[in-house]
Amino acid sequence: DQQVKQNSPSLSVQEGRISILNCDYTNSMFDYFLWYKKYPAEGPTFLISISSIKDKNEDGRFTVFLNKSAKHLSLHIVPSQPGDSAVYFCAASYRGTNAGKSTFGDGTTLTVKP
Amino acid sequence: NAGVTQTPKFQVLKTGQSMTLQCAQDMNHEYMSWYRQDPGMGLRLIHYSVGAGITDQGEVPNGYNVSRSTTEDFPLRLLSAAPSQTSVYFCASRGQRHSPLHFGNGTRLTVT
């Protein structure tokens, strides 16, 4: 059973518009969520995170929203730029004795067209 | 400061061969982990370690072995390679529990 799901494998947007990437999770024990960005032939790099005690976190053009009741989070990129074209992974971790292991979604490939 | 370094970048093995994927980090991170990424899929945790001398299994540990004799190094051993282990392998480390993971650039492994 996949605990973190990114239901859209791909997303294409025009430069300057908003990109919205979605992520759903099933495990209510998750208390920390992160987004990573991955370019081809490179490892993922951290983008932005949010704790379960918050519903929004903003960093420049990137904002993550968390809806705990719906077990849903989204990443907004405004305005989108061609350099944002990459695979975006949603990840979740939780308290307990699991040492904060992160569970990843399958990723969404974002293409930003000039 | 190199971060997380993985070697080799590419490797081709024949079925039944064994090999070790190397991972080293210079950030003094206690937590290190190995993930594999298959096409169209996310990162699946193979093994992880919360400090030198301590390792544990992740979601997909079968066919892999790890050890952690130093804080810096976390090698992943394939005991008898199988075509199902064809994948891209990522090593990652982090400091505190909810700190972001720092990833290496991956090892692309093909088993024929």
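Note that this is a predicted model, so its numbers are computed, not measured. Below, read A as the first sequence line, B as the second, and so on, with proteins coming before strands; counting in each chain starts at 1.
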- Query: A:I48 and A:L75: which non-hydrogen atoms are nearest, and at how many Å?
  - Reply: CG2-CD1, 3.8 Å
- Item | Spatial distance of atom CE (B:M32) from atom OG1 (B:T70) [nearest 0.5 Å] | 8.0 Å
- Message: Does anything in residues 63-72 of chain A reach chain B? List residues with heavy atoms under 4.5 Å apart, or say none.
- Response: none
- Item | B:Q37 backbone acceptor or donor facing B:S87 side chain under 3.5 Å | yes
- Evaluate whether atom CZ of B:R108 has more than 12 neighbouring non-hydrogen atoms of other residues, nucleotides or ligands under 6.0 angstrom away. no
- Message: Can you tell me if A:R17 has over 12 outside heavy atoms packed within less than 6.0 Å of its CZ?
- Response: no
- Note on the structure: Listed by number, the residues in residues 104-114 of chain A that come under 4.5 Å of chain B (heavy atom to heavy atom) are A:F104, A:G105, A:D106
- Query: Can you tell me if B:Q25 uses its side chain to pair, donor with acceptor, with the backbone of B:N28 under 3.5 Å?
  - Reply: yes
- Scan side-chain atoms only and decide if B:R77 and B:S67 contain a donor-acceptor pair under the 3.5 Å cut-off. yes
- Message: Need one label for A:P9: side chain, backbone, both or neither, based on atoms under 4.5 Å from any heavy atom in chain B.
- Response: neither
- Answer yes or no: is there a donor N or O on one side and an acceptor on the other, between the side chain of B:D26 and the main chain of B:A2, under 3.5 Å? yes
- Query: Hey, what do you get for OH (B:Y89) to OH (B:Y64), rounding to the nearest 0.5 Å?
  - Reply: 2.5 Å
- Message: Please classify the contact of A:A41 with chain B as side chain, backbone, both or neither, using a heavy-atom distance under 4.5 Å.
- Response: backbone
- Item | Under 4.5 Å from any heavy atom of chain A - which part of B:L43 | both
- Counting N and O atoms only, with roles assigned by atom type, does the side chain of A:N57 sit under 3.5 Å from a partner on the main chain of A:S49, one being a donor and the other an acceptor? yes
- Message: For the aromatic rings, using the six-membered ring if either is Trp, is the centroid distance between B:F74 and B:Y48 under 6.0 Å?
- Response: no
